Novice: 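Below is the structure I would like to discuss, written out as C-alpha cells.
Everything numeric in this text was worked out from a predicted model, so none of it was measured. Note that ligands are numbered from 1 as they come in the structure, with each ligand's atoms numbered from 1 the same way.
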Amino acid sequence: MSELVTFTIQDGVALIQVNNPPVNALSPGVPEGIEDAINQAESRPDAIAVVLSGAGRTFVAGADIHELELAAWGKGAGGPDLHGLLQRIEDCAKPVVMAIHGTALGGGLELAMAGHFRVAVKDALLGQPEVNLGIIPGAEGTQRLPRLVGVEKAIAMCVSGKPLKAQEALAAGLLDAIVEGDLVFDAAAFARERAKRGGPYAKTRERHDKLGSQQQNASLFAAGRETARKTRRNMLAPLKAVDAIEAAATLPFQEGCRRERKLFAECLESDQCKALIHAFFGERSVAKVPDVPKETRAFMVHKAAIIGAGTMGAGIAMACVNAGIPVLLKDSKQEALDSGMANIRRNYEISVSRGRFTPELAHQRIAMIHPQLDFADFDSADLVVEAVFEDLELKKRIFAEVDKVTKPECVLASNTSTLSIDEIASACSRARMVVGLHFFSPANVMRLIEIVRGQSTSKEVLATATGLAKRLSKVGVVVGNCAGFVGNRIMFPYMYEAQFLVEEGATPEQVDKTLTDWGMAMGIFAVDDMAGIDVAWRVRRELQHFSEPGVRRPLVADKLYELGRLGQKTGAGWYRYSEDRKAVPDPEILRLIRQTAAQAGIPQRPLTSQEILERSLYALINEGAHVLEEGFASRASDIDVIYINGYGFPAWRGGPMFYADTVGLRNIYGRIVEFHRQMGARWQPAPLLKRLAEQEKTFRAFDAERGMGAATVRS
Ligand code: 3H9
C-alpha cells in the first residue's frame, strides 16, 4: 500500500486508513490508494467487511484545494475524478463502513456517501462547503446527497455550505449510527455485524425513495434558488448547486453525474472560484507571521480580564466565554457594569430564542463572566483586554494601573481602533507584553481581529494573540502600528472619496446602492451612520493623511457632526432612521449637501456607476498599496482577509487587492494618474502600485516573490 493509504486486516475486517496530513485531502495518490485497498479487501478471504477511516485529527476534508486552484487557473487537470472510485466502493461485494471523526467535507463526504454505511463520533461534522470556494460538489455529492437526505435538506446543505453535526446527520439519514467508544473498533464491530446479516448492500446511487416527485420538488427548487439569491447575493455556485440537485431528481444517476460535472467545470472556470480560493488560503496564511516561527512559545490563556463593560467590552467577554475562557469584567461605574451585563443577558436570550443555545448553556456562559468594580483577582488573569473609550490619557492611566495588579507574564491588550499602541505601552513597565487586539463590533459575532504589533511587542505575545484569535474562532491578522492600523487607515480614503462624490452631484443612496449592487455588504454612508458620525469625526483628527498641505477634505461630514446628526444612534446621519433602524433617504441632507457644494463653488454633474466604483474602490486600493509598501501589512492577501472579514467586502471578489489584480494594475494605475491630474494631491499614486503596473505584475506575484504567497498559483 502507499504511504497515503494504509491497509490492515483485524478480526476479519479490512481496515483502510487515509493518512495524508494535515486534513487527509484527496490529493493525487489518495484516491488511487483507496481503490487499491478496496480491491485488496474484496479479494482477501480473511476479510468479511471493510472500514474506511482517516488518520490523525479528521476523516477526509475534501479534494485538495491546491489542485483545484491549479485547475481554476487553467494549470491543472480539474480536480480528482472520483467517479470510478465511488462506483467501485458501492459495487464492493463486502459491506463498506465509513468511520467518521473530525470533518467529512466536500469530497470527503462524497467519498463517505459511496460507502454502504456511515458511522461517526458525536462531535463529527459532515458537509458540502464547496460554495465557499465558488464551486459545487464535483464528485457526485449533488447526486448522492439528495438520495440520502432528501431534496430539501440537500439544497440547504449545498447552498449554505454549512455542515451538519453528527446528531443532525443521523436524523437526516446521512449517518447510520453514532458511536461512543473507539471509532474504528466500533465501526469494525458494526461492519462485522452487517456482513453477518448478509448482502446485497444498498448502493446510494440506486436509492430513489427520498427523491420526491416533480410536483413535490418544484416549490423546493424555487425556494432554494430564492434563498441562494438572497443569502449568497451575486454568487454563481449556489444556484448551480440547485441546478445539479434538480438533475439528481429528474435524470437517471449517470446522466445526473454528467450534468453535475459540467456545472462543476463552469464554476471552476469562474473568477469567483479563483477569488474564493485566494480568500481561503489568505485566511490560512495570516497566522504565519514572517518573523514569528511556528514553534514560538505562546502564553496559556486560562482566564481573561476585560476593562470596560460597554458594547465592545461586553462583546469581547462573550467571545471569550464562548471559547471557554472565564472573564473578569471590570468597569468603574456600577451603572455601566449593570447595563453591560444586561446586554450580555439579552444577547444570550436572543440566541436561546433562535435555538442556537440551550437555556442551560446560556446560563453557564453568563455565569463565567464575573462583573466587578475593582481589580480584585486581576493577578490571576493571563490576559487583560482594555476596551474603554478612545481616549489616550485614560488608556494610559489604565495600563499604568493594570501593570501593577497583574502578574509579569500577563499579556496586556488594548482594543483601540486608532490610538498608537506604542504610546499606550509607554505607560507601563513591560511594553514587550503589550499588543493591540482590535475587535470589530459586535465583537462576539465579527470574525476579524487586527492584532497590532507595537515596537516592543514580543514574539511570544504575538504567538499568544494569533493562537487566541483561532481559539475564539476568529481571524487574527497581525498589522503594524500606523494611524488607523490597516483596516481603518485604508477605509478613510474610500469613505472620503464617497463624500466627494456626493459633493459633486451624487446622492448617498446612489453611492451606497452602486456599492451594494457591486457586492459590498453595506454602502459606505450606511457604515458611517452605523459606526457613528462622531466616531469618524474623532478618527479624522487622528489620521494625518488628509491633513497634508494641498489635500482637500470633504466638507459635509463635519457639518453632520456639528448638527448632532451622529448616525443611527441619534436617528439621523447621512440617512434618517425609523424605529426599526431602517435607513430612509433624507431630503434635508440633500439640501445640506447641495448648499455646501454651492458655497464651496463645487460644480454639480451627474455621476455614473462606473465613476462611483472606480473612485471609491481605487482610493481603497491605492492606500492599500501604501500600507503594503510601508510594511504595516505583511502581505496583500492580509489586506484582502481584513476587508472580507471586517468590512463586508465580497469574498467572491477576493478582497480589494485581489480585485485590483483582476482589473489589472496597469488599468488601475492609469485611472489613478488621471484622477491625480484632475483632482490633485489626494490621488498621488502609491509608488508600489506604479512599480507593479509598469512591470505588468500583480499583488499576488508581489506576495509570492517575497515568499509570502499562500496560494499555489502566483500570477
Ligand atoms: C471539494 O472537496 C470538491 C469536491 O466536490 C470534489 C471535486 C472533484 N485541501 O483550516 P486549517 C490545509 S472542495 C488542501 O487551519 P482547522 C490548510 O490550508 C474542498 N489543504 O485547520 C492548512 O494548511 P497550512 C471541500 C487543506 O483545523 C491546514 O490544512 N472542503 C484543505 O482550523 C489546516 O487548515 C473544504 O472546503 C484541503 N481541502 O480546520 C474544507 N483543507 O497549515 C476546507 C485544509 O499549510 N477546510 N487544508 O496553512 C476547512 O474547512 C478546514 O481546513 C478544516 C480544518 C475544517 C478541515
Novice: Rounded to the nearest 0.5 Å, how far apart are CG of L68 and NZ of K274?
Specialist: 13.0 Å
Novice: With heavy-atom distances below 4.0 Å as the criterion, list the atoms of ligand 1 near P129.
Specialist: 30 (N), 35 (C), 36 (O)
Novice: Between A61 and ligand 1, which part of the residue brings a heavy atom under 4.0 Å of the ligand: side chain, backbone, both or neither?
Specialist: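 Both backbone and side chain.
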Novice: Heavy-atom pairs closer than 4.0 Å: do any link ligand 1 to the side chain of L133, the backbone, both, or neither?
Specialist: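 Side chain only; the backbone of L133 stays clear of ligand 1.
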Novice: I'd like to know whether ligand 1 has E283 as a neighbour, heavy-atom separation below 4.0 Å.
Specialist: no
Novice: I'd like to check which ligand 1 atoms, numbered from 1 as shown, lie under 4.0 Å from a non-hydrogen atom of A25.
Specialist: 9 (N)
Novice: Please name the residue in the list M113, K203, E206 that meets the side chain to side chain contact (heavy atoms under 4.5 Å, CB included) test with E90.
Specialist: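 Exactly one option meets the side chain to side chain contact (heavy atoms under 4.5 Å, CB included) with E90, and it is K203.
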Novice: Looking only at the side chains, is there a donor atom on one of D640 and H278 sitting less than 3.5 Å from an acceptor on the other?
Specialist: yes
Novice: Taking 4.0 angstrom as the limit and counting only heavy atoms of L68, give me the atoms of ligand 1 inside it, by number and element.
Specialist: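 Taking each heavy atom of L68 in turn, ligand 1 has 13 (S) under 4.0 Å.
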Novice: What protein heavy atom is closest to atom 21 (O) of ligand 1, reported as residue, atom name and distance in Å?
Specialist: R57 NH2, 3.4 Å
Novice: Considering only heavy atoms of D64, which atoms of ligand 1 have at least one such atom less than 4.0 Å away?
Specialist: 9 (N), 14 (C)
Novice: Does P22 have a heavy atom less than 4.0 Å from any atom of ligand 1?
Specialist: yes
Novice: For atom 53 (C) of ligand 1, is some protein heavy-atom partner under 4.0 Å away?
Specialist: no
Novice: Checking side-chain polar atoms at under 3.5 Å, does N39 have a donor or acceptor matched by the opposite partner on R88?
Specialist: yes
Novice: Are K470 and ligand 1 in contact, using a heavy-atom cut-off of under 4.0 Å?
Specialist: yes
Novice: In terms of atom number and element, which parts of ligand 1 are under 4.0 angstrom from non-hydrogen atoms of P137?
Specialist: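 Atoms satisfying the 4.0 Å criterion: 5 (O).
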Novice: At under 4.0 Å between heavy atoms, is it the side chain or the backbone of L82 that contacts ligand 1, or both, or neither?
Specialist: neither
Novice: Pull out every atom of ligand 1 sitting under 4.0 Å from any heavy atom of K288, numbered as shown with elements.
Specialist: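 Reading through ligand 1 atom by atom, the close ones are 24 (P), 45 (O), 48 (O).
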Novice: Do the numbers put R284 on top of the ring of F280, so that NZ or CZ is under 6.0 Å from the six-membered ring centre and no more than 45° off the axis?
Specialist: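 Yes; both conditions hold, so R284 lies above the ring face of F280.
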Novice: Under the criterion side chain to side chain contact (heavy atoms under 4.5 Å, CB included), which of Q143, R259, Q87 is the partner of Q254?
Specialist: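 Only one of Q143, R259, Q87 forms a side chain to side chain contact (heavy atoms under 4.5 Å, CB included) with Q254, namely Q87.
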Novice: On the ring face of F702, is R700 found with NZ or CZ under 6.0 Å from the centre and within 45° of the axis?
Specialist: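 No, R700 does not sit over the ring of F702.
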Novice: With only distance considered, is E130 within less than 3.5 Å of ligand 1 through an N or O on each side?
Specialist: yes
Novice: Polar contacts were defined as any N/O atom of the residue lying under 3.5 Å from an N/O atom of the ligand; does this apply to L105 and ligand 1?
Specialist: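 No, no N or O pair falls under 3.5 Å.
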Novice: Right, does atom 24 (P) of ligand 1 have protein non-hydrogen atoms nearer than 4.0 Å?
Specialist: yes
Novice: Provide the closest heavy-atom pair for E140 versus L86 in the form atom of the first, atom of the second, distance.
Specialist: OE1-CD1, 3.8 Å
Novice: Start with the C-alpha gap between I245 and F221, add the side-chain angles, then the distance that decides, and say whether side-chain contact (heavy atoms from CB on, under 4.5 Å) holds.
Specialist: CA-CA 9 Å; I245 295 170; F221 292 124; 4.1 Å; yes
Novice: Which ligand 1 atoms does P80 reach within 4.0 Å, using its non-hydrogen atoms?
Specialist: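 So the answer, numbered in order with elements, is 8 (C).
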Novice: Going by the atom numbers of ligand 1, which of them fall below 4.0 Å from some non-hydrogen atom of G106?
Specialist: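 Answer, ordered by atom number: 2 (O), 25 (C).
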Novice: Starting from atom 47 (N) of ligand 1, find the nearest protein heavy-atom neighbour and note its residue, name and distance.
Specialist: V23 CG2, 3.8 Å
Novice: Does the protein place any heavy atom closer than 4.0 Å to atom 39 (O) of ligand 1?
Specialist: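 No, there is no protein heavy atom closer to it than 4.0 Å.
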Novice: Charged N to carboxylate O under 4.0 angstrom, R447 versus E283?
Specialist: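 Looking at R447 and E283, the cut-off is met.
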Novice: Less than 3.5 Å between some nitrogen or oxygen of R261 and one of ligand 1, yes or no?
Specialist: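 Between R261 and ligand 1, no N or O pair is found under 3.5 Å apart.
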Novice: Please state which protein non-hydrogen atom is closest to atom 17 (C) of ligand 1 and give its distance, to 0.1 Å?
Specialist: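 In this structure, atom 17 (C) of ligand 1 has R284 CG, 3.8 Å as its nearest protein heavy atom.
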Novice: Can you tell which of L52, V50, V184, T6 makes a side chain to side chain contact (heavy atoms under 4.5 Å, CB included) with L15?
Specialist: V184
Novice: Relative to ligand 1, is E110 under 4.0 angstrom through side chain, backbone, both or neither, heavy atoms considered?
Specialist: side chain
